[in-house]
Trainee: 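My structure is below; once you've seen it, I'll send some questions.
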Amino acid sequence: MTDTIAPPTRWDGRAYASAQDILDRAGQLGPLVAAEADEMERRQQLTEPVKQALVDAGVFAIGYPAEWGGPQMRVDDQIRLIEQLARFDGSVGWNVTIMADSGLYAGRLGRELAAQIYPSMDMPTAGSFNPPGVAEPVDGGYRLSGRWRFGTGIRNADRVLGRFRRHVDGQPAFDANGDPDLWVAWFPGEAVVRHDTWHTTGLAGSGSCDYSIDGVVVAADQMYRYADQFRPSLELPPLSRYYGTLTGNQVGVPLGIAAHGLDLVREHLTAARTKWGDSVSADQYVQVKLAEADGLYRAARAYALDTFADITDALLRDVALTRQQEANMQTAPVIACDLCRRSLEIVLDLVGAQSILRSKPYDRLYRDMSSLARHFYFRSIHLELSGRHLLGEDIPLSLSD
C-alpha cells in the first residue's frame with residue numbers, strides 16, 4: 001500500500017488544490033455564471049455568488065509559489081483556466097485573469113511580508129499603473145494619493161496596487177539615473193474610492209473603472225520600484241520572474257470567447273437542420289466557413305499553449321529565458337487574439353442578422369471581443385520585439401545577457 005502524500009499547507013491553514021482540481025472546479029461554474037451574467041453586466045462587476053464560487057474553486061491562488069504552499073499553476077494551465085471561464089462569460093474571464101495575479105505580485109515580497117499583506121491566498125488583487133499618484137514620505141512609510149484609470153476587477157478586489165512617484169519636500173523625486181522615481185504600492189480594497197466611469201461597448205462586467213485614494217499611509221516595505229517589475233531575477237519564485245508571465249494568461253479570454261462562439265453556431269445549425277432539414281448544414285459554404293472558424297481558433301489555442309508551456313518548462317528548470325522565448329511572450333497573445341477575432345467574425349456571418357440582436361447571445365460575444373482586441377496587451381505594437389529579433393538585432397533582454 002502506498003501512503004497518500006498530503007499537499008503542502010498554505011499560511012492560511014488550508015491545503016492547496018492541485019491545478020487539475022482548480023480546473024475541474026472552475027469548469028462546473030457554467031450554470032451559475034450564465035444565471036448571473038446579465039446582473040454582472042448591469043452592475044459592472046462580479047456578483048457575490050460568482051466571486052465566492054471563484055474563491056471556493058481556488059482560482060485567485062493560482063500564482064502562489066509551491067514552496068509557500070501555493071498551487072503554482074503552470075502558465076499554460078492558467079490559459080486553460082481563463083479560457084474555460086471566458087467561455088462562460090468574457091467579463092468573468094477578464095476579471096480573473098487580472099485578479100488572480102495576487103501570488104505573482106506577492107512573489108516579489110518574500111513569504112513573511114506576503115503573508116502580512118495577503119492573510120489568505122484567496123484574496124484577489126486589482127490595480128493600474130497610469131497615471132502615477134504621489135507618495136510623500138512619513139515616519140516608517142509613505143502617504144499615498146492618486147487616481148487611476150482602467151482598474152479591472154477593482155470593484156471586487158481585496159488588495160489594490162497603484163503606481164506612485166515619490167516626492168521629497170513637496171517636489172517630484174528622481175532616481176539615480178535621473179528618471180522619475182516611480183514605485184508600486186499595495187493598499188487595502190476598503191481604502192479605495194471607485195468612480196462610475198466604466199460605460200463601454202463590451203466587457204461591461206469587468207468593472208474596469210477609475211479608482212482613487214487620498215492620504216492612505218503604507219509601510220515602506222509594502223512598495224517596490226516600478227522598474228523592478230520588468231527586471232527578471234532567478235532569485236524570485238518561478239512564476240514571478242518575468243512580467244510576461246504575469247500577463248500571459250490573458251490570452252485565455254479571446255480563446256474562451258471564440259470557443260463560445262463556435263459552441264453557439266453549432267447549436268444554431270443543429271436547430272436549423274431540425275427545422276428546415278439538411279439543406280442548411282449541407283450547404284458547402286456553411287461547411288467551409290465553419291471549418292475555417294474552427295481551424296483559426298484551434299491554431300490560436302495551439303500557438304498560445306505551446307508558447308507558454310515552453311516558457312513554463314524553462315521557469316521550472318530555473319533557467320533564464322532566451323531572447324526568442326521573451327519575444328514569443330509578446331507575439332503569441334497578439335497573434336492568437338487576432339485569430340480568435342477572425343474566427344468569431346466568421347461565426348457571426350454564418351448566423352447573419354441574428355448576431356446583431358441584443359436578445360441573442362452573439363451580441364455580447366461581439367461586444368466583448370471588440371473591446372478586448374483593443375486592449376494594449378493585444379495591440380500589434382508588441383510584435384516589434386520579435387521583428388527585431390528575426391532581423392538579427394542584438395536586443396538587450398533580461399537574464400539572457
Side-chain angles (χ1 to χ4, degrees), residues 17-27 29-30 57-59 62-63 66 71-88 90 92-94 96-98 100-101 103-104 238-263 291-317 319 321-344 347 368-369 372-373 375 377-378 380 382-383 385-386 389:
S18 69
Q20 189 58 54
D21 287 340
I22 295 172
L23 286 165
D24 290 343
R25 293 172 186 175
L29 299 182
V59 302
I62 59 176
Q72 192 171 282
M73 183 183 283
R74 295 175 55 90
V75 183
D76 45 322
D77 281 336
Q78 291 183 33
I79 292 171
R80 293 181 176 93
L81 171 68
I82 301 301
E83 178 189 21
Q84 181 65 75
L85 293 171
R87 198 167 188 162
F88 300 145
V92 171
W94 192 248
V96 173
T97 193
I98 301 299
D101 289 336
L104 282 73
L239 298 183
S240 298
R241 290 173 186 163
Y242 289 83
Y243 185 74
T245 58
L246 183 78
T247 57
N249 62 24
Q250 294 180 11
V251 72
V253 183
L255 288 171
I257 294 172
H260 191 182
L262 286 163
D263 292 340
E292 182 181 354
D294 184 67
L296 289 169
Y297 156 72
R298 291 179 183 278
R301 188 173 194 269
Y303 183 24
L305 291 177
D306 180 70
T307 295
F308 284 96
D310 176 58
I311 287 166
T312 305
D313 287 344
L315 295 174
L316 296 180
R317 292 196 309 270
V319 299
L321 300 183
T322 66
R323 287 178 171 81
Q324 183 64 65
Q325 287 172 315
E326 290 198 54
N328 290 345
M329 280 200 291
Q330 300 283 330
T331 302
V334 176
I335 300 301
C337 182
D338 182 63
L339 293 175
C340 287
R341 180 165 60 166
R342 289 164 55 190
S343 173
L344 183 64
V347 165
D368 286 351
M369 186 70 86
L372 184 71
H375 188 275
Y377 182 57
F378 298 115
S380 59
H382 292 293
L383 301 178
L385 189 59
S386 282
H389 174 76

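For this chain, numbers begin at 1 and follow the sequence in order. Side-chain atoms are counted along with the backbone in the values below, which use heavy atoms only and exclude waters and symmetry mates.
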Trainee: Heavy atoms, side chains only, cut-off 4.5 Å: are Gln78 and Leu239 in contact?
Mentor: yes
Trainee: Over all heavy atoms of both residues, which pair between Ala258 and Met369 is shortest? Give the atoms and the distance, please.
Mentor: N-CE, 4.0 Å
Trainee: For the backbone of Arg74 and the side chain of Thr312, can you confirm whether one donor and one acceptor N or O come within less than 3.5 Å of each other?
Mentor: no
Trainee: Which pairs with one or both residues in residues 301-311 pass salt bridge (charged side-chain N to carboxylate O under 4.0 Å, His left out), sequence neighbours excluded?
Mentor: Glu83-Arg301
Trainee: Write down the atom of Ala26, the atom of Phe88, and the distance for their closest heavy-atom approach.
Mentor: O-CE1, 3.3 Å
Trainee: Hey, does Asp313 have a side-chain heavy atom less than 4.5 Å from the side chain of Phe308?
Mentor: no
Trainee: Does any non-hydrogen side-chain atom of Met329 lie less than 4.5 Å from one of Leu321?
Mentor: yes
Trainee: Within a strict 4.5 Å, meaning less than it, do heavy atoms of the Asp263 and Arg87 side chains meet?
Mentor: yes
Trainee: If I compare all heavy atoms of Pro238 with all of Gln72, which pair ends up nearest, and what's the gap?
Mentor: CD-OE1, 3.9 Å
Trainee: Could you check if a side-chain atom of Gln250 sits within less than 4.5 angstrom of a side-chain atom of Ile79, using non-hydrogen atoms only?
Mentor: no
Trainee: Under 3.5 Å, side-chain donor or acceptor atoms of residues 333-344 against the rest of the protein: list the pairs with distances, not counting sequence neighbours.
Mentor:
{"unit_1": "Ser343", "atom_1": "OG", "unit_2": "Ala293", "atom_2": "O", "d": "2.8"}

Trainee: Does Arg25 CZ have over 12 foreign heavy atoms under 6.0 Å away?
Mentor: yes
Trainee: List the residues meeting side chain to side chain donor-acceptor pair (under 3.5 Å) with Asp368, not counting sequence neighbours, and say none if there are none.
Mentor: none
Trainee: If we only count heavy atoms from C-beta on, is the Asn249 to Leu81 side-chain gap below 4.5 Å?
Mentor: no
Trainee: Which residue in the set Val59, Val253, Thr247 passes side-chain contact (heavy atoms from CB on, under 4.5 Å) when paired with Thr97?
Mentor: Val253
Trainee: Could you tell me whether the side chains of Thr307 and Asn328 share a donor-acceptor contact shorter than 3.5 Å?
Mentor: no
Trainee: Identify the two heavy atoms, one from Gly58 and one from Ile22, that lie closest to each other, and give their separation to 0.1 Å.
Mentor: O-CD1, 3.7 Å
Trainee: On a heavy-atom basis, which atom in Ala304 and which in Val251 lie closest, and how many Å separate them?
Mentor: CB-CG1, 3.9 Å
Trainee: Check the angle between the aromatic planes of Phe378 and Trp94 and answer parallel, tilted or perpendicular using the 30° and 60° thresholds.
Mentor: tilted
Trainee: Ile82 and Gly93: which non-hydrogen atoms are nearest, and at how many Å?
Mentor: CG2-O, 3.7 Å
